[in-house]
2 protein chains.
Amino acid sequence: MSRRSYDKQLDDARLKAMSDIFSALADPTRLRILTALAEGERCVCDLAEVTGVSASAVSHQLRLLRDRDLVAFTRTGRHVCYRLADDHVASLLEQGFEHAGERR
Amino acid sequence: MSRRSYDKQLDDARLKAMSDIFSALADPTRLRILTALAEGERCVCDLAEVTGVSASAVSHQLRLLRDRDLVAFTRTGRHVCYRLADDHVASLLEQGFEHAGERR
DNA sequence: TGAACATATGAGCAGACGTTCATACGATAA
DNA sequence: TTATCGTATGAACGTCTGCTCATATGTTCA
């Protein structure tokens with residue numbers, strides 16, 4: 001995409017969709033969840049341990065990530081296994097990771 | 001970067017830096033500013049027109065973008081011209097743009 | 001010099017956000 | 001069936017965020 005094409009395509013809805021995606025990535029707890037999922041499937045209680053917050057807090061955050069289609073899940077017994085929804089999410093994480101590394 | 005490398009490198013500071021970058025991109029007004037800058041340099045009053053908010057509001061947002069090193073600026077007379085700080089920023093914008101386009 | 005302009009900044013306010021707590025619900029184990 | 005586990009959800013609370021308004025600073029023009 002050329003930089004010049006923004007003005008033609010950037011309607012409010014697209015802009016809102018972009019900010020929804022970025023705001024989903026704009027929290028350390030959610031980033032811990034997502035980077036953990038980038039390594040493989042994890043159930044809620046595992047994610048609670050990785051992030052260091054309560055299972056309830058993780059569940060709330062997972063709902064947000066589900067609503068934005070950043071994660072998918074499979075129910076197995078009383079566990080629910082979450083995973084990244086697609087490679088695009090991993091790609092965004094990597095870019096943010098690299099960008100953060102270059103600064104300071 | 002392999003997906004497996006997250007756990008070794010993701011200290012809290014890095015995670016905070018990532019969320020700082022993503023949260024800077026997590027607002028429609030700032031996205032309008034940044035996508036306008038992706039097309040070329042703009043002064044504050046031009047950005048106010050593009051975004052449809054007051055010059056004061058734009059100035060506040062530009063300060064945030066400056067603090068996070070996402071934009072750079074040059075003073076010329078009484079105008080201040082802003083531009084994207086580097087190609088990494090444009091790259092993040094493009095990815096968000098494309099990701100937003102694929103959904104719904 | 002004085003007026004108008006471009007930008008910056010602090011205070012204040014309304015709304016959004018992230019966590020905890022209490023509770024609920026389905027699934028498994030005893 | 002009953003107790004426990006894993007997860008989800010709503011309410012409540014404190015914090016953060018983005019805007020407006022008032023004000024300040026520096027620049028240009030008459």
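- Dashed line: the shortest gap from a side-chain N or O of A:R78 to OP1 or OP2 of D:dT4 is not under 4.0 Å.
- If A:A57 and A:R75 are placed on DNA chain C by their nearest nucleotide, the residue sitting closer to the 5' end is A:A57.
- The aromatic ring of B:H60 sits over the base of C:dT9, with ring centres less than 5.5 Å apart and planes inclined by under 30°.
- What separates CZ of B:R63 from P of D:dT17 is a distance of 13 Å, to the nearest Å.
- Counting to the nearest Å, the C1' atom of D:dT17 and the CG atom of B:L31 are 15 Å from each other.
- Relative to the side chain of A:S59, the nucleotides C:dT20, C:dT9, D:dT9 differ in distance, and D:dT9 lies closest.
- The existence of a salt bridge linking B:R32 and A:D12 is confirmed by a sub-4.0 Å separation between a basic side-chain nitrogen and an acidic carboxylate oxygen.
- For A:E49 and D:dT7, the CD to C1' distance is 16 Å, given to the nearest whole Å.
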Begin from the C-alpha positions of A:V50 and A:V58 and carry the test side-chain contact (heavy atoms from CB on, under 4.5 Å) through to its verdict. CA-CA 10 Å; A:V50 168; A:V58 168; over 6 Å; no
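- In this entry the distance linking CG of B:L25 with P of D:dT17 reads 14 Å, nearest Å.
- In this structure, A:S23 reaches neither bases nor backbone, as no heavy-atom distance under 4.0 Å exists between it and the strands shown.
- Rounded to a whole Å, the CD1 atom of A:I33 is 11 Å from the C1' atom of C:dG18.
- Distance from the side chain of B:V44 is smallest for C:dA8 among the nucleotides D:dT7, D:dT28, C:dA8.
- Rounded to whole Å, the distance from CG on B:D67 to P on C:dA8 is 12 Å.
- Closest to the side chain of B:Q61, out of D:dG18, C:dA8, C:dG18, is D:dG18.
- Close to D:dA8, at under 4.0 Å from its OP1 or OP2, lies a side-chain N or O of A:Y82.
- For the pair A:L25 and B:M18, the minimum side-chain heavy-atom distance is 4.5 Å or more.
- In summary, the side chains of B:S19 and A:R30 do not present any donor paired with an acceptor at a separation below 3.5 Å, with no hydrogens or angles considered.
- Atoms CG (B:D46) and P (C:dC5) sit 16 Å apart, rounded to a whole Å.
- The base of D:dC21 sits with one of its N or O atoms less than 3.5 Å from a complementary donor or acceptor on the side chain of B:S56.
- For the pair A:F22 CZ and C:dA16 P, the computed distance is 22 Å after rounding to whole Å.
- Residue contacts shown for A:F73 are absent, as no nucleic acid heavy atom lies under 4.0 Å away.
- In the set C:dT19, C:dA6, D:dT9, the nucleotide with an atom closest to the side chain of A:R66 is D:dT9.
- In this structure, the nucleotide among D:dG6, C:dT7, C:dT20 sitting nearest to the side chain of A:C45 is D:dG6.
- Ion pairing between A:K16 and A:D20 holds under the 4.0 Å rule for side-chain N and carboxylate O.
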